[in-house]
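Lettering follows sequence order; numbering is per chain, from 1.
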Number of protein chains: 2
Amino acid sequence: MKKPDLTDREEKILRSIIETHVRTARPVSSSAVVRKRSVELSSATVRNVMRSLEEKGLISQPHTSAGRVPTDVGYRYYVDNIMQPLTLTESERAEVRGGLQRLTGDDIGSVAAGVSRTISEFARQLAVAVAPPVEGELIEQIRLVSLDGNRVLAVATTRTGQTRSAVLKMREHPSAADLAKAAGLVSEWLTGAPVADIEKKMKDHLGEVGHPLRDVIAGLLAGSPQIFRVRGGERIHYEGARYILSHPEFSDDAAFLGEMFDDEEALAELVRTRAGEGGVTVTIGRENSRKEMKRMSVVVGSYRVGSRFGQMGVIGPTRMRYSRLVGLVDYISEVLDDLLSERR
Amino acid sequence: MKKPDLTDREEKILRSIIETHVRTARPVSSSAVVRKRSVELSSATVRNVMRSLEEKGLISQPHTSAGRVPTDVGYRYYVDNIMQPLTLTESERAEVRGGLQRLTGDDIGSVAAGVSRTISEFARQLAVAVAPPVEGELIEQIRLVSLDGNRVLAVATTRTGQTRSAVLKMREHPSAADLAKAAGLVSEWLTGAPVADIEKKMKDHLGEVGHPLRDVIAGLLAGSPQIFRVRGGERIHYEGARYILSHPEFSDDAAFLGEMFDDEEALAELVRTRAGEGGVTVTIGRENSRKEMKRMSVVVGSYRVGSRFGQMGVIGPTRMRYSRLVGLVDYISEVLDDLLSERR
DNA sequence: TCTTAGCACTCTCATTCAGAGAGTGCTAAG
DNA sequence: CTTAGCACTCTCTGAATGAGAGTGCTAAGA
């Protein structure tokens, strides 16, 4: 997997090429490398080294007489072996932490929204955050509150302290006593069960109860998807469309990006599949599963809520500041783990 | 305002030019008009008419020897005086109505989300829907439900049957009896008051109550923004980014569109400012307040929930099928008024 | 053996030019 | 008032040209 077969000098020159290409967006010539004082060599020698880097597939020429541009393989080598994650400045760290701290009182979906906003702001790239799935959460308790007419508010709390609720429409108006009884009964059945199992459990027990309560519980069963099936929109958040859309190099990909914005599930997939549990993962250009992303890179990290993981990351051109972005995502995931483990 | 100073023949030719331009996206020549059999005339005569239309500012030539293209003024005349809204086919009507019907059980924000999805699907354009503001709603009742630890779920219902809730963190764990008392007291103060006034009202009455209840109510006051200040994300929904982003003519405007997607409030402004109460409004090209939209048109309608209005519409190139889109928005607003007035 | 100066070579990019094609405006006749 | 005919204008395409950038190669120097 590793490719440590570069000499010190080759690494220095690869680094120089990548870093100036990231800044300038144009092919880097041998003389540009010399001007940067990356190495004390003549341009002719640098050219020889560049040729060797090209033979190894790390850089390439757009055409015969242009400078060199890093390939995906070149960026990969840079990310794995050369680059160091950039530490944020003290004031940036304070700002990131402060911004995230303010979120942690909110529900887990809003946290994801805030995370995507924070990442986007500091990265100046499209940012995506996916909240951890609710399916594995364990039910703590179910409560039913009578509203007006036949409407009832169902409230479920989970072991990690999340709360979800929905308004149910019942066939007839249930009495407060019946509601309390039904809630007690259902809580008894479900406490400790994972959210994924609740429909099945309720169905299994439904036969055990008689007339007035049975209607209430049937209503609850009918509405349970509303309570627990989290729509993508609540779990997946993105921010910073303007950054990726303003890249002229992506004007051909605008249609693809539009599809991504419309299909949040697909967007989530990008950060989900590659996010390990802990650590920051970088996916470069053609390494992405979608061929439309051959000129984009994705930097993702994960964060932990209870026993489940959420993911977050940035999407931008392959020509991105990897050291800065890896450092940023890393720091945010550290802060989130810290802040979110505090909640019970 | 009106411009009825076109002859019958001029109108026919303007219509022909606009309708073929909308289809082909290219300048329309005099012979193309003749080929369409819009009028029984030679191309030379059509040319004379086109010259007159050009003098009146309704069409223009991109360059000396090209066909003609409609101007904003031309589209305006077409929309106001020539075009008829296109009625949807029976099966489309059924599909639209069915799709919207399924939504009306949900809360008012989800309805807006569904509306934008429906419009976008049928219009194949970017669609935006804005739910009516909650500020004018009148409070019906406030309930408080004890969760675990110091957390309390506050539930408010309004006169139009909307429900909003939030989890509040109290200083200390309140007893169930105190919660019930506090909820009763607050409901008494607030019932019938508009949402906009609740903070003030609670502050006014807070002095009247003594120790154990006072803490609870202070907690509710502190959390009331969470309950009622609707974040844009819940009110404003858009769908169909792929349609507008895939228009090659907007690849220059991608950065502007990105800003719109990021700033939902700005997007909402587009459909809000122009939406009258009832009826469909069309804003064409430079008529839009934002100069970046000089090549886009907006078709908006409104719908009513209780005494407040929500807005919805489509955003696309000026070269759009106005008759189809006006017909669609009109029908959707009709269906929504119908469906939403049913809820109490 | 490695480095470097020098130079020919290749490719892009911008400019210019010419010819084809599209569509108009004008004129004169019906 | 309408229309046939035609000259005119403008765009678009492709070819030709020259400048500029940057390389690869060779041969000399350390």
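- Using a 4.0 Å cut-off, some side-chain N or O of B:R9 falls inside it from OP1 or OP2 of D:dT2.
- Taking a pair to require two hydrogen-bonding distances under 3.5 Å in either a Watson-Crick or a G-U wobble arrangement, C:dT24 pairs with D:dA7.
- A donor-acceptor contact closer than 3.5 angstrom is absent between the side chains of A:E11 and A:Y78.
- Side-chain proximity of B:E54 to D:dT23, D:dT2, C:dG25: nearest is C:dG25.
- Separating the CZ atom of B:R47 from the P atom of D:dA7 is a distance of 15 Å, rounded to the nearest angstrom.
- Atom pair A:E55:CD and D:dG24:C1' shows a separation of 12 Å (rounding to whole Å applied).
- Residue A:R51 has no polar side-chain atom (N or O) positioned under 4.0 Å from OP1 or OP2 of D:dG22.
- C:dT24 atom C1' lies 7 Å from atom CZ of B:R68, rounded to whole Å.
- OP1 or OP2 of D:dT3 sits under 4.0 Å from a side-chain N or O of B:S42.
- Among the atoms of the strands shown, none is found under 4.0 Å from any heavy atom of A:R26.
- At the phosphate of C:dT4, OP1 or OP2 sits under 4.0 Å from a side-chain N or O atom of A:T45.
- Atom P of nucleotide C:dT3 and atom CD of A:E40 are separated by 13 Å, given to the nearest angstrom.
- Applying the 4.0 Å criterion to OP1 and OP2 of D:dT9, one finds that B:Q61 has every side-chain N and O outside that range.
- The pair A:E249-A:R319 meets the salt-bridge criterion, since a charged nitrogen lies less than 4.0 angstrom from a carboxylate oxygen.
- Put simply, B:T64 has no side-chain N or O that comes within less than 4.0 Å of OP1 or OP2 on D:dT9.
- Searching all strands for a Watson-Crick or G-U wobble partner of C:dA29 with both distances below 3.5 Å returns D:dT2.
- Along DNA chain D, the nucleotide nearest to B:S43 and the one nearest to B:P62 differ in position, and the one closer to the 5' end is contacted by B:S43.
- Around CZ of A:R321, the count of heavy atoms belonging to other residues, nucleotides or ligands within 6.0 Å does not exceed 12.
- Computed from coordinates, the A:H63 NE2 to D:dG24 C1' distance equals 15 Å when rounded to whole Å.
- Checked for salt-bridge contact, B:E40 and B:R9 miss the test: no charged N lies under 4.0 Å from a carboxylate O.
- Residue contacts for A:S30: at a heavy-atom cut-off of 4.0 Å it reaches the sugar-phosphate backbone alone, with no base atom in range.
- In this structure, the CG atom of B:L41 is 11 Å from the C1' atom of D:dC1, given to the nearest Å.
- Electrostatic pairing of B:E54 and B:R47 does not count as a salt bridge here, judged by no charged N lying under 4.0 Å from a carboxylate O.
- As a whole-Å value, the separation of B:R35 CZ from C:dG23 C1' is 12 Å.
- Residue contacts for B:S29: at a heavy-atom cut-off of 4.0 Å it reaches the sugar-phosphate backbone alone, with no base atom in range.
- D:dA30: Watson-Crick or G-U partner is C:dT1, with both key distances under 3.5 Å.
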